[in-house]
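Structure, as structure tokens:
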Amino acid sequence: MVRTKAVLIAIATILAAGSAGIWMVISEKQEAQERRAKFFGSSSNHPTSGGEKMKVEW
């Protein structure tokens with residue numbers, strides 16, 4: 001009984017640590033993508049739809 005509880009606690013701890021790690025990786029990737037878009041400029045400034053050509057602003 002005690003051994004079963006210890007195994008369940010270990011499994012719960014591993015799952016909690018794993019989910020926290022996955023969340024950290026996902027949030028870091030999202031932040032990196034936002035920094036990259038901010039640095040290089042967002043493509044949403046000049047969206048194209050259909051066959052419309054992108055207008056260049058001088």
Side-chain angles (χ1 to χ4, degrees):
M1 186 103 179
V2 174
R3 184 174 177 170
T4 305
K5 285 184 181 180
V7 169
L8 290 175
I9 289 172
I11 291 172
T13 304
I14 291 170
L15 288 175
S19 63
I22 290 171
W23 179 79
M24 293 280 284
V25 168
I26 290 173
S27 66
E28 181 60 32
K29 282 186 178 181
Q30 185 176 5
E31 287 178 16
Q33 187 177 12
E34 289 173 359
R35 284 194 304 266
R36 194 176 307 117
K38 193 174 188 181
F39 181 77
F40 289 112
S42 179
S43 62
S44 64
N45 292 338
H46 305 288
T48 59
S49 61
E52 190 177 318
K53 290 188 176 179
M54 194 163 63
K55 296 176 183 177
V56 179
E57 294 180 11
W58 294 96

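When reading the values below, keep in mind they use all heavy atoms of this one structure, side chains included, and skip hydrogens, waters and symmetry mates.
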Which value, rounded to the nearest 0.5 Å, describes the distance between Lys29 atom NZ and Arg36 atom CZ?
-> 10.5 Å
Is it true that Trp23 and Leu15 fall in one hydrophobic cluster, defined by side-chain heavy atoms closer than 4.5 Å?
-> no
Nearest-0.5 Å distance that lies between atom OG1 in Thr13 and atom CG in Leu8 = 10.5 Å
State whether the number of non-hydrogen atoms from other residues, nucleotides or ligands found under 6.0 Å of Glu31 atom CD is greater than 12.
-> yes
To the nearest 0.5 Å, tell me how far Met1 CE sits from Lys5 NZ.
-> 5.0 Å
